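Have a look at the structure below, then the notes.
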There are 2 protein chains.
Amino acid sequence: MNANPQFLAATAQVDDAAVKPLPNSRKIYVEGSRADIRVPMREITQGDTRTATGVEKNPPIYVYDTSGPYTDPDVKIDIRSGLAPLRAAWIEERGDTEVLAGPTSEYGQGRLADPKLAELRFNLKRAPRRAKAGANVTQMHYARRGIVTPEMEYIAIRENQRRKEYLEGLRAGGPTGEKLARLIGRQHPGQSFGANIPDEITPEFVRDEVARGRAIIPANINHPETEPMIIGRNFLVKINANIGNSAVSSGIGEEVEKMTWSIRWGGDTVMDLSTGKHIHETREWIVRNSPVPIGTVPIYQALEKVDGKAEELTWEIFRDTLIEQAEQGVDYFTIHAGIRLAHIPLTANRMTGIVSRGGSIMAKWCLAHHKESFLYTHFEDICEIMKAYDVAFSLGDGLRPGSIWDANDEAQLAELRTLGELTQVAWKHDVQVMIEGPGHVPMQLIKENMDIQLKDCHEAPFYTLGPLTTDIAPGYDHITSAIGAAQIGWYGTAMLCYVTPKEHLGLPNKKDVKDGIMAYKIAAHAADLAKGHPGAQIRDNALSKARFEFRWEDQFNLGFDPDTAKDFHDETLPKDSMKTAHFCSMCGPHFCSMKITQDVRDFAAEQGIAADEAALAKGMEQKSIEFVKKGAEVYHKA
Amino acid sequence: MNANPQFLAATAQVDDAAVKPLPNSRKIYVEGSRADIRVPMREITQGDTRTATGVEKNPPIYVYDTSGPYTDPDVKIDIRSGLAPLRAAWIEERGDTEVLAGPTSEYGQGRLADPKLAELRFNLKRAPRRAKAGANVTQMHYARRGIVTPEMEYIAIRENQRRKEYLEGLRAGGPTGEKLARLIGRQHPGQSFGANIPDEITPEFVRDEVARGRAIIPANINHPETEPMIIGRNFLVKINANIGNSAVSSGIGEEVEKMTWSIRWGGDTVMDLSTGKHIHETREWIVRNSPVPIGTVPIYQALEKVDGKAEELTWEIFRDTLIEQAEQGVDYFTIHAGIRLAHIPLTANRMTGIVSRGGSIMAKWCLAHHKESFLYTHFEDICEIMKAYDVAFSLGDGLRPGSIWDANDEAQLAELRTLGELTQVAWKHDVQVMIEGPGHVPMQLIKENMDIQLKDCHEAPFYTLGPLTTDIAPGYDHITSAIGAAQIGWYGTAMLCYVTPKEHLGLPNKKDVKDGIMAYKIAAHAADLAKGHPGAQIRDNALSKARFEFRWEDQFNLGFDPDTAKDFHDETLPKDSMKTAHFCSMCGPHFCSMKITQDVRDFAAEQGIAADEAALAKGMEQKSIEFVKKGAEVYHKA
């Protein structure tokens, strides 16, 4: 149980891989209405297009950037000090919070006082904040009072990704620019199944969606390091990466590295699911160094506090855990309050029973005490804690199906209805809520899940694990589940919780984390395209243009994973000269469809026959003679 | 251009990895109405379930087996002799073919006579066959005359996978067996979008589907080594693996290894897309050693014969190539006969023009000759060749979209309509047809593709490449496309052509081939589940049961890739004792939801309260006292 081999606070270092610049990319900041609203984006520079008549510029494109200050070469990263608290002034100036003398949880105080933990402990130099007595500091509370917070404005800028300015900039570039804007800006109409995504996200739209409960901004006042982001079906589909050690593996250093690795590749939030030793200290290191919201499942830690004996859990222990974690800055809590006593026997005839860890802990507690769980009976007390720190609920699906067999059964749906009731209770307190979803679901039953969730949970954002669309590919569940995730994202799920190739087999290492992130970036983006999210197709268009024009480096860099794309290309054509080659190893130099197409295009353009088939026959005849005379070479060397 | 490093016919050896037995698996043969109809299946043995009251047997399960004799330890594999011609007698006894003196194609004769090729050449000891003058030897022709061929009976047995016998066998096992049958045999109703899959596939059903053109059996009379299989929407969804070298990579030995590797992991057909040197010889080695149908794109080789100058292609060269390949035993030909002159300008305003190699070759030819292609004008002549050997058409989608931008455009749809017209011409000749499909398509446009294809092509089987649902993940296109493939398979596509991680970047190596196969086995199976294919859920149910019962080895072995699953598990828990552990590295020994569930189940069963919530409250109260007394241990050690 050497849970933290070699990790010492004094010598902790950032993972070199986390701070390596991404190729041809630059971090830019878009300023909002005030100087301290600086929204980061990744600008990807492109090479020029060389045509027969000259050189055309391809302006850089802007993409959503979750990687935080790690990819900004101007920021000095020292994980021992943590990230800068960019939201600190916003929180402070609202005047509704107070700085505490120190942690108010018994457990938090005990850990701080324990000299044995000194060598592991993150050296936080500030004290936690809490809402002043009677105050409610949730983004939902502000939203409902008509207040547009800096967080909301930040999110509006971030979600737009400079699309409008980008396309206007293209159009301003004369006829060539207009042509480029038509090419890069074109998008297929989406099928959004009732989502309602405006062309331009305004701060007011963000406020309105949060006020209605259709989106959440996970932003604990004790996590001022977060770059605000939003989870809701009328915004870009987000993805979550699960990390965390267990009693049999990994330590603090590795978990921080998994977090920085996740956000580098596009993780929008990170859940720390640690169950081993030093849960408290591991979490502190992660939160202090995370620019994305952090979620946890507090019952895991509560269970450790009673040595794994679920029946010994109490409301008091759980409450102290909530406060402990809220004061560290956790942005959302998975809470399995929807498991009611009457639901438990509904799982008796399942193939795989209760597969949620939190769900099974609470089921065990209910069995031992023959009563409703303290999560359910104390739900309003929990809301009081949530609103004092702005922690969002992620209402846990403790009865999610763990196999195709169990999909969409009454146990799952009964719990979902309870989650809908609890959503309304939380909303009464202006506490933000998202709803967790399955699990294992065959494709034909996925839409039903989404539709029932929207109805029963009043459009609170859905946050699903996959779903896995078959059980028979252990080792490949990032793929079995990306298939389901893309679909449920399309149908309306706001955030997709990744599944790694290690699912069902072991805890993910860094490679697995990246594989999971990639599969889910794909699923989320495929969903954005299918919903018709405005501008979602820009990056696809830019990459396809680069591909068609044999701009190899641009093709790599515009993709989700430039490193892997380049490595794969180089396996067969390693020389640098091949990065400008107008062919690839698939077909070889004399056999390229892309080369031939250019001729078709030139021919049609010259004849002006794109839409005029009558003219074509004549044009063809003239042109073919000329074509053969020129040597029938489709691609003319520059 | 050392296209064949080290390959010599005299020393060619089977890849050791191809003949390694799969864990806990045994090849069985199910006999049909005659002794020489012996249908292979893979039997996977399972461990026992240990319960509080004793030991319950888990009978072996049967899965579709594409691996051919390679995984039969009783068969001695020597790739220099090729596989046994299991269909030879069936072809012979039909009496409608004649053995030729030797290859009748000019090119085939030339290669045979060339002494320089001796060291590379497969030493085939038999001469090719052809239909007798006036005869038609296609499976469709037999089907339409009401003949159930041995191939059709073989396929019926193969598609059923012993499901009925398996479930009846379970039910015969007393109350425990009945319970097991209910558990393993249960399946969610499907949504088949008009597919009509019977509970039991009969030989007559196979015949009828082939006669109607809704399914094809690719089975060239010169490829008697094939184990018959069927491609149609009312059968299991199939997958194809593309292999083949290019001018810049790979050789004969490697391509044969890719073929054996593909079929080991589940490839139902293999396309040899070689474009480099020794295309003829490479193909011979592949066909002679392949138990699955082989497809090719003859225009690739024809182009090599004119040194890459598309405009110099002629009907005569193409015709000779068709005969050359038909006499080697190629089972289906991709032929891009749907590209008409008027379609070409429709591609002029595309983002990525014409991305199909065959399509671009024919477009170039049409431009140079200002007339319809010889594939179109000689289509009936091609049919005459196809029916003399029973080669099936795979009507190529030369204008498939190569980017999201180009999806579902008029170029693609115009060609599809022409393919529908050509389908009817081929059917007039009783020649089997499937239709190739895209490509790159965002999710919301996939169903439209399928619906138009069904209508315009009169339900001829659809065979799609992916589709890729986004362009921005080079290096991960097995995933971008598995998402689309699962959906289009669900909607009615009969065969999914895999995409490997190397797509757009390079030619796949063996690892990529396996990655592509795995992604597509998942997509095809997810589609079968969603369509409600009878019995499709048996393997999911068996694996989930094994998972719930901590039968680790069974969980690995019932999955698509036992090797990877075991390796992943062993990364964190390498010891053999951990293969029987009732926990896993995700949660550790004190934290397992599966363990807790068993108690819930036991409790509910004792109380008989599965459906009786009123009784529950009382039961809970009694039981909880007992439960705590027992030490509140959910899992009781054996």
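Reminder, nothing fancy here: chain letters follow the sequence lines and each chain counts from 1. The shown structure was predicted, so the numbers you read here are calculated from the model rather than taken from an experiment.
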Under a 4.5 Å heavy-atom cut-off, does chain A meet the side chain of [X], its backbone, both or neither?
{"X": "Gln555(B)", "answer": "both"}
{"X": "His525(B)", "answer": "side chain"}
{"X": "Leu468(B)", "answer": "neither"}
{"X": "Pro562(B)", "answer": "neither"}
{"X": "Ala536(B)", "answer": "neither"}
{"X": "Pro442(B)", "answer": "side chain"}
{"X": "Ile472(B)", "answer": "both"}
{"X": "Gln191(B)", "answer": "both"}

**Request:** Answer yes or no: is there a donor N or O on one side and an acceptor on the other, between the side chain of Trp405(A) and the main chain of Leu183(B), under 3.5 Å?
**Result:**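 Yes; judged by distance alone, with no hydrogens or angles, the pair exists.
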**Prompt:** Is a side-chain N or O of Asp540(A) found less than 3.5 angstrom from the main chain of Thr470(B), in a donor-acceptor match?
**Reply:**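 Such a contact is absent between Asp540(A) side chain and Thr470(B) backbone.
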**Message:** Heavy-atom pairs under 4.5 Å with chain B - which of Asp567(A), Asn541(A), Leu445(A), Asn408(A) has more of them than the others?
**Reply:** Asn541(A)
**Prompt:** Given the options Ala407(A), Gly484(A), Ala519(A), which has more heavy-atom pairs under 4.5 Å with chain B than any of the others?
**Reply:** Ala407(A)
**Complete:** Applying a strict 4.5 Å limit to non-hydrogen atoms, the region of Asp528(A) in contact with chain B is neither
**Message:** Quick check: do Arg186(A) and Met351(B) have side-chain heavy atoms less than 4.5 Å from each other?
**Reply:** no
